[in-house]
Amino acid sequence: MAVAAASPRLIINHFFLFLSLSFSLLIPSSPQSDVISVCIIGAGIGGSSAAHFIRKYSPPATEIQISVFERNPLVGGRMARVEIGGETFEAGGSILHPKNYHVLNYTELIGLKIKWPNSSKAGDGDDDEGSFGIWDGKRFVFKTWSVKIRLPFVDKIVSFANTLQLFFRYGWSLIRMNNFTESTVNKFLKYYESFETRPVFDTVDDMLKWAGLYDLTTRTLEEELMGASLSPVLVKELITVITRINYGQSCRISGLAGAVSLAGAGGNLWQVEGGNWQMASGLLNISDVSLHLSEEIESISHLGDQYELNSTEGNSYKCDVAIVATPLDELNLHFDPPLSIPPRKLQHTHATFVRGLLNPAYFGLASVDDIPHLVGTLEEPGLPFSSISILKRHGDKDATYKVFSRQKLEDMLLDQIFSNRKETIHIDWGAYPHFQAPEVFAPFILDGHHLYYINAFENAASTMETSAVAAENVARLILARLVGKTDYSVIPNLKEPPYIHLHSDL
């Protein structure tokens with residue numbers, strides 16, 4: 001799961017049969033041609049996963065043409081990289097959980113290398129020693145210890161000392177927090193069960209209720225944790241720091257998103273060497289899609305048995321199935337006939353990348369070496385940033401930092417936080433939903449026909465893996481409805497793609 005932002009992870013079985021030419025009146029009419037055309041809007045992890053699973057699960061004798069439209073010049077969506085000081089770092093979704101089984105499978109399928117950072121590291125650099133502090137705007141209310149001596153036995157001593165320090169501050173509530181997180185993760189693992197026991201879901205509510213996760217979306221994380229007898233100090237400090245880093249929000253986010261955020265702060269988190277965006281690129285490569293980069297779809301019209309998509313490039317496309325694989329919340333996309341879905345706001349996270357050096361005086365410290373490698377903050381008025389982490393040290397007085405904040409950090413403030421800045425890059429992400437319990441979900445099927453919305457699941461929890469889980473369900477739902485079956489639970493004959501068609505654009 002993930003940070004988000006924090007965030008915050010193999011079991012897939014088999015699929016089925018031929019397309020029916022006649023259906024019950026209760027089943028929406030399906031394409032009458034031998035070729036099924038599928039249009040996917042969005043080339044991030046959701047859209048690329050949908051293309052992969054549709055191709056993987058489609059019946060052997062069924063010809064499916066898949067077109068993917070991406071308004072940006074690169075695939076990957078919110079899995080993006082940033083170049084600063086001649087080096088690249090993750091700018092969007094950066095970490096993955098060891099039980100994110102779909103994306104783990106993607107790396108094996110595509111042939112990507114996994115980078116397993118030390119779980120104590122704050123960023124995706126190699127030089128981070130992993131010290132951590134909680135800043136309240138005036139002082140550090142908690143700091144772990146660190147030493148410059150890099151010897152295994154010294155590291156073990158320091159790690160043990162920091163564990164004791166955490167325990168003395170937060171007590172047995174740490175165990176209860178871990179139990180709460182593990183319980184949620186274990187329920188989420190039901191989405192990897194075989195098709196014989198895992199049905200297809202046409203609503204997010206049913207999907208969550210089946211796994212025992214729905215109730216977590218009806219209450220805040222704070223309510224869930226207080227109900228589990230966690231220490232108020234732990235909730236106010238460590239847990240709030242985690243939700244602010246991973247989702248840019250307080251512990252009053254909905255409970256499931258909060259549990260996913262806590263999972264994204266655990267150990268053995270990983271990323272793809274060279275960038276997580278390669279998963280989207282690789283999935284599209286092996287799924288034999290027609291890729292349209294820098295082409296934004298501005299309208300979708302339902303015309304009888306087909307959909308017409310019109311783009312900002314003046315092009316028009318016809319397809320039997322249309323899939324929206326990008327958040328509709330801030331998208332200028334017109335539907336005809338109009339759609340009505342529950343309103344949802346996006347939480348914007350400003351990621352500021354700085355090559356330079358932090359100013360110890362800003363934190364009331366004498367030396368830059370005294371500043372923790374990861375600085376998290378409390379939910380206090382006036383705090384200008386959510387976190388600051390070291391991505392890589394280049395020398396004693398030179399490092400690359402990533403700063404998360406809810407608003408853009410202006411130069412005057414940055415010059416107070418940093419003693420010098422060689423290069424600064426700002427990125428404004430419409431990163432994830434603004435979680436608010438009780439959550440109300442848009443449907444997977446937007447119009448009762450064949451217009452689908454993968455990101456309906458996103459206000460349950462927003463990670464790379466949850467996007468893949470939702471896309472896999474939507475792919476099964478599309479194919480099950482096309483063959484006119486209402487019993488979705490048994491779907492044999494998994495079909496492996498027999499080809500790899502490489503796009504020069506990727």
Side-chain angles (χ1 to χ4, degrees), residues 1-2 7-9 28 40-42 44-47 49-50 53-54 78 100 102 184-185 187-193 195 197-221 224 247 253-261 263 321-329 331 335 339-347 432-481 486 488-489:
M1 304 180 186
S7 202
R9 314 177 167 78
I40 302 175
I41 302 171
I45 191 66
S49 294
F53 287 119
I54 289 172
R78 286 168 281 180
N100 285 169
H102 281 317
T184 305
V185 170
K187 291 176 181 178
F188 189 84
L189 295 180
K190 287 177 67 67
Y191 294 131
Y192 307 113
E193 289 183 3
F195 288 177
T197 59
R198 177 167 56 95
V200 175
F201 307 97
D202 51 17
T203 70
V204 178
D205 303 65
D206 288 344
M207 190 170 178
L208 293 170
K209 289 175 181 177
W210 177 82
L213 295 169
Y214 178 79
D215 287 349
L216 285 172
T217 69
T218 66
R219 287 156 45 93
T220 68
L221 175 64
E224 291 289 339
Y247 282 136
I253 64 175
S254 49
L256 180 55
V260 168
S261 180
V321 175
I323 304 172
V324 179
T326 185
L328 286 171
D329 313 281
L331 199 63
F335 294 95
L339 299 176
S340 177
I341 61 174
R344 186 179 70 182
K345 293 182 180 180
L346 287 184
Q347 177 74 33
Y432 15 68
H434 182 80
F435 299 106
Q436 189 170 2
E439 298 287 356
V440 181
F441 301 97
F444 283 130
I445 308 168
L446 288 175
D447 64 349
H449 299 283
H450 288 292
L451 176 60
Y452 299 87
Y453 186 30
I454 290 173
N455 297 74
F457 192 87
E458 196 167 356
N459 50 313
S462 177
T463 70
M464 289 173 272
E465 182 69 9
T466 52
S467 292
V469 166
E472 194 259 1
N473 177 73
V474 167
R476 292 179 64 198
L477 178 61
I478 290 168
L479 294 173
R481 294 178 79 237
T486 56
Y488 305 136
S489 59

| Y214 vs L256, side chain to side chain contact (heavy atoms under 4.5 Å, CB included): CA-CA, chis, key distance, verdict | CA-CA 8 Å; Y214 178 79; L256 180 55; over 6 Å; no

| message | Pair V469, M207 - check side chain to side chain contact (heavy atoms under 4.5 Å, CB included), show working. | response | CA-CA 11 Å; V469 166; M207 190 170 178; 3.5 Å; yes

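Judged as a side-chain hydrogen bond (donor to acceptor under 3.5 Å, both in side chains), and not counting sequence neighbours, the contacts of D206 are T203. The side-chain contact (heavy atoms from CB on, under 4.5 Å) search around T326 returns I41, V324, L331, not counting sequence neighbours. For E439, there are no salt bridge (charged side-chain N to carboxylate O under 4.0 Å, His left out) partners at least two apart in sequence or on another chain. In this view, K209 satisfies the salt bridge (charged side-chain N to carboxylate O under 4.0 Å, His left out) rule with no residue, not counting sequence neighbours. Applying the side-chain contact (heavy atoms from CB on, under 4.5 Å) test to P342 and every residue at least two apart in sequence or in another chain returns V440, A442. Take Q436 and apply the side-chain contact (heavy atoms from CB on, under 4.5 Å) test, not counting sequence neighbours, and it matches H434. Listed by chain and residue number, I45 satisfy the side-chain contact (heavy atoms from CB on, under 4.5 Å) test with S467 (two or more places apart in sequence, or in another chain). Contacts of D329 classified as salt bridge (charged side-chain N to carboxylate O under 4.0 Å, His left out), with partners at least two apart in sequence or in another chain: R344.
Counting non-hydrogen atoms of other residues, nucleotides and ligands closer than 6.0 Å to NZ of K190 gives a total above 12.
Side chain of Y432 to main chain of N459: no donor-acceptor pair is present (N/O by atom type, distance under 3.5 Å, no hydrogens or angles). Between the side chain of R476 and the main chain of F201, no donor-acceptor pair closer than 3.5 Å is present.
Under the 4.5 Å side-chain criterion, counting only non-hydrogen atoms from C-beta, Y192 is not in contact with R198. The shortest distance between side-chain heavy atoms of F188 and T466 falls below 4.5 Å. By the 4.5 Å heavy-atom criterion applied to side chains, F53 and N473 are not counted as neighbours. For the pair P433/K345, no side-chain contact is recorded, criterion being any heavy-atom separation below 4.5 Å from C-beta on. Residues L451 and F335 have side chains in contact (heavy-atom distance under 4.5 Å, counting atoms from C-beta outward).
Taking every heavy atom of both residues into account, I323 and A50 meet most closely at CD1-CB, 4.5 Å. The shortest non-hydrogen separation linking N455 to A325 is OD1-C, 3.0 Å. What you find for R78 and S462 is that their closest heavy atoms are NH1-OG, 4.2 Å. In terms of heavy-atom proximity, F435 sits nearest to S254 at CB-OG, 3.6 Å. Of all the heavy atoms in L446 and L339, the pair that sits closest is O-CD2, 3.6 Å. Across all non-hydrogen atoms, the minimal contact from A461 to Y247 is C-OH, 4.1 Å.
Rounding to the nearest 0.5 Å places OG of S49 at 11.0 Å from CE of M464. Note that CG of L328 and CD1 of I341 are 5.0 Å apart. Values are rounded to the nearest 0.5 Å. To the nearest 0.5 Å, atom CD1 of residue I454 and atom CD1 of residue I40 are 6.5 Å apart. Rounded to the nearest 0.5 Å, atoms CG (D205) and OG1 (T217) are 7.5 Å apart.
Between H450 and Y452, the ring-plane angle classifies as tilted under the 30° and 60° cut-offs. The aromatic rings of F444 and F457 lie parallel to each other, their planes meeting at an angle below 30°, with 60° marking the opposite boundary.
Not less than 6.0 angstrom separates the ring centroid of H102 from the ring centroid of Y191.
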